[in-house]
J.: 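First the structure, which I've put down as structure tokens, then a few questions once you've had a look.
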Amino acid sequence: MDYVTSFVDLWSLRGRVVIIAEKPKAASKIASAVLPSYRKITVQGVPLYVYKGNGLEVTVASAAGHIFNLSTKLSGYPVFSYEWAPSFEVDRRSLHIKKFYQALIEACRGRDYYINACDYDIEGSVIGFLIIKFLGDPKKALRAKFSSLTPAELRESFKRLTRLDYEMIEAGLARHELDWLWGVNISRALMSAVERAVGKRVILSAGRVQTPTLAYVAQQLTERNLHIPYPIFSLSLVVEKDSARVGASREKGVFETQSEALRVASIIKEKKYVQVEDYVEEKVSVPPPFPFNLGDLQGEAYRIYGFSPYKTQEIAERLYLEALISYPRTNSQKLPPTLNYGMILNQLAENPAYRYLVAQLLSETGGRLKPREGPKEDPAHPAIYPTGVKPPHNLPPDMLKVYDLVVRRFLAVFSRPYEIVRQRVVFSAGVPGETFYSEGQYLVRKGWLLYYYFHTPRETRIPSFRKGELVRVVEVDLKKMSSKPPNRPTKMSILKWMESVEIGTESTRARIIETLFYRGYLKMSSRGVEITDLGLGVIEVIGEFFPELTKVELTREFEKSLEDIRVGKTSRSLVVEKAKQTLSSLIEKFEPRKSGVGKELAIRLGMIAPASKCVICGRQALSGNMCRYHFEAYRRLKEGYQEWSRREGVSFRDYLKRVAESRSTGKWVKEVAEAVLKGSVLVLD
DNA sequence: GCAAGGTC
């Protein structure tokens, strides 16, 4: 078969054809783009689109994501056998899928051809294939391939149908099986260990995405709790020019010792002047932002309104279902060139809130609408944009906020750069190597900030300076500070981290973060995200017995295997078999230690008391009298004195006092320092 | 019941 003739035109087929879309919205768009005319019927409340003519009957039906899910009837572990089952039969949270399943049974009955028209990505290939496998006939199946739901592209794709993309399907099936095998088996191992220790069932979980995410949070918060602050000294100046006062910071940053800071400060005080070494003023042009993908929208809604990523995602999904915005679960920062931007703008202009902005945009662009785009792409969906449909008057305020972000961002991407003048002056302080700088900026053209004003830079204009000019110093500020611990993670920073290491997807990242809270691994306090003793314990246990699962590299390995399946270098059965072997041998090594692990986790759950208690916190003590966290804090506290005595020349006791008092000190370190001062913990060499 | 991945 040569290349060209391997394509099949829908309109060359004869008989009864069913087209399967991934979701109702897509089914509707496919029907109106591809069918010359259709009748819309409803089965179990699910719309089907039917065309009859030219010896052909075509029905467009729709899934609602995955209709089938892996499951097993077996309990216990290791469990290596499973089968695909309708999701609503194995999980009552999926009951809303049942009507789609029933409508698909109707739509697939007695067909001559089955066309998988789900999103052209690995999951879409699986969704369509399983429906055809269980409700149709894979021997009579074809695949439609399109990367956007625009009418022209859809029509074209149905003229160039191919055979089923079996390589992609096999890769997709393997992804499901690998995640299931690792997730279900390790989760069961943890739960079973606790059950053996205390005879009670507790729900615990582990997985390829959630466990590395938990490990990341554990690592961040552990470093924070173990932070030893070091004294640092910040020297800044206030200079005066044309009766304007300007603050200046030291270019080399902070001093490590007070004596050095004092030396420089006193020289400047004596001289009373600094000299302008350099002054630069440049106009910078800042191009419009990229169109939103979900992660960027979540980031902005968090930054501007404090919405959690999950909240933003839920709102965006509701806006999508009300047809106000395009598909939100996308990674793309690109807008389809086939989209009628002008029409959307005209519709947006019917909303008084945007009328003026649209008029302004059309006038500044002269109607030539070319969006700025970012590098990120998505195989199945474009960036998020407003559809132009007018929101109802009673749209809840939080939904309106997210909608407004999407509209304003969409307007901004067509606009012009804003222009800002950035100023930078460098003063030499008359001490070799000691320079200070001030920066200022002021806006000279608003550009896209008119539409998307959430980024408006602060105006901090400073006077202009001449090189060589002497400037009077009116203040010399020497501040004693402490080195700061790493920031506490937030739901948003966790999600951004997941994006940066490429684990999870747009649809799942925010949800998986919520799962960590729901399991009791993480909790929210007034301070922000905290990790619980259970969360720490789970990471320690998995890190010891199933270390692969705590690392993002497992995802990289999966991706490599899936790619190899796709290009025919290996097969799904080989990849899955290897995973089973790996899991078997890990579980084999886990078994003899299971009781101990169960007890440890039960202690973390507060279900049993530790055999010996940490003198500071009451957690299970190691061989000494402290838990592993306070022991590590104790070790670092002793180690930290070296540096403190170099910088400050303090006694050990004064060092402890200062560390105990500092607000930058990590929680565990502070607790140890206080205990040593009280005498409840002795310092040994 | 446990994963991650779709989507109502």
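A, B, ... follow the sequence lines: proteins, then strands. Residue 1 opens every chain. Just so you know, these numbers use all the heavy atoms, side chains as well, and skip hydrogens, waters and symmetry mates. It should be emphasised that the depicted structure is a prediction, and the values quoted were computed from it without experimental measurement.
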J.: H176(A) and E123(A): side chain to side chain donor-acceptor pair (under 3.5 Å), yes or no, with the steps?
T.: CA-CA 9 Å; H176(A) 282 262; E123(A) 296 299 330; 2.8 Å; yes
J.: Counting only side-chain nitrogens and oxygens, does R329(A) get under 4.0 Å of the OP1 or OP2 atom of dT7(B)?
T.: yes
J.: Nearest-nucleotide wise, let me know which of S75(A) and K23(A) is further upstream toward the 5' end of DNA chain B.
T.: S75(A)
J.: For residues 500-509 of chain A, which side-chain donor-acceptor pairs fall under 3.5 Å, sequence neighbours excluded?
T.:
unit_1  : atom_1 : unit_2  : atom_2 : d
S500(A) : OG     : W497(A) : O      : 2.7
T505(A) : OG1    : S507(A) : N      : 3.2
T505(A) : OG1    : T508(A) : N      : 3.4
T505(A) : OG1    : T508(A) : OG1    : 3.2
E506(A) : OE2    : R509(A) : NH1    : 3.2
T508(A) : OG1    : T505(A) : N      : 2.9
T508(A) : OG1    : T505(A) : O      : 3.4
R509(A) : NE     : I503(A) : O      : 2.9
R509(A) : NH2    : G504(A) : O      : 3.0

J.: Is there any salt bridge (Lys or Arg N to Asp or Glu O under 4.0 Å) pair reaching into residues 62-85 of chain A, and which pairs are they, with sequence neighbours excluded?
T.: K73(A)-E83(A)
J.: Could you state the atom-to-atom distance from CD of Q313(A) to P of dG6(B) in whole Å?
T.: 11 Å
J.: Kindly write out the residues that satisfy salt bridge (charged side-chain N to carboxylate O under 4.0 Å, His left out) with K133(A), not counting sequence neighbours, or none if the list is empty.
T.: none
J.: Between Y82(A) and dA3(B), is there a contact of a side-chain N or O with OP1 or OP2 at under 4.0 Å?
T.: no
J.: Mind checking if N69(A) touches a base, just sugar-phosphate, or nothing, with heavy atoms under 4.0 Å?
T.: base
J.: Please determine if a side-chain N or O atom of R93(A) lies less than 4.0 Å away from the OP1 or OP2 oxygen of dC2(B).
T.: yes
J.: Got a sec, which residues hit side chain to side chain contact (heavy atoms under 4.5 Å, CB included) with S28(A), two or more places apart in sequence or on another chain?
T.: Y49(A)
J.: Not counting sequence neighbours, which residues clear salt bridge (charged side-chain N to carboxylate O under 4.0 Å, His left out) with R196(A)? List them please.
T.: none
J.: Tell me: CD of E123(A) to P of dG6(B), nearest whole Å?
T.: 5 Å
J.: Does anything in residues 489-524 of chain A come within less than 4.0 Å of DNA chain B? Heavy atoms only, and list the residues if so.
T.: G504(A), T505(A), S507(A), T508(A), R511(A), I512(A), R519(A)
J.: Taking CH2 from W84(A) and P from dG6(B), how many angstroms apart are they, rounded to a whole number?
T.: 13 Å
J.: According to salt bridge (charged side-chain N to carboxylate O under 4.0 Å, His left out), who are the partners of R604(A), at least two apart in sequence or on a separate chain?
T.: E540(A), E600(A)
J.: Donor-acceptor pairs under 3.5 Å, side chain of residues 378-391 of chain A to any protein atom, not counting sequence neighbours: which ones?
T.:
unit_1  : atom_1 : unit_2  : atom_2 : d
D378(A) : OD1    : A380(A) : N      : 2.9
D378(A) : OD1    : H381(A) : N      : 3.2
D378(A) : OD2    : N331(A) : N      : 2.9
H381(A) : NE2    : D119(A) : OD2    : 3.0
T387(A) : OG1    : A323(A) : O      : 2.5
T387(A) : OG1    : L324(A) : O      : 3.1
T387(A) : OG1    : V389(A) : N      : 3.3

J.: Contact list please: residues 176-212 of chain A against DNA chain B, heavy atoms, distance less than 4.0 Å, in numerical order.
T.: H176(A), D179(A), W180(A), G183(A), V184(A), S187(A), R188(A), M191(A), I203(A), L204(A), S205(A), A206(A), G207(A), R208(A), V209(A), Q210(A)
J.: Does the plane of the ring in F590(A) sit parallel, tilted or perpendicular to the ring in F546(A)? Use 30° and 60° as the thresholds.
T.: tilted
J.: Once you round it to whole Å, what is the distance between C1' of dT7(B) and OH of Y320(A)?
T.: 8 Å
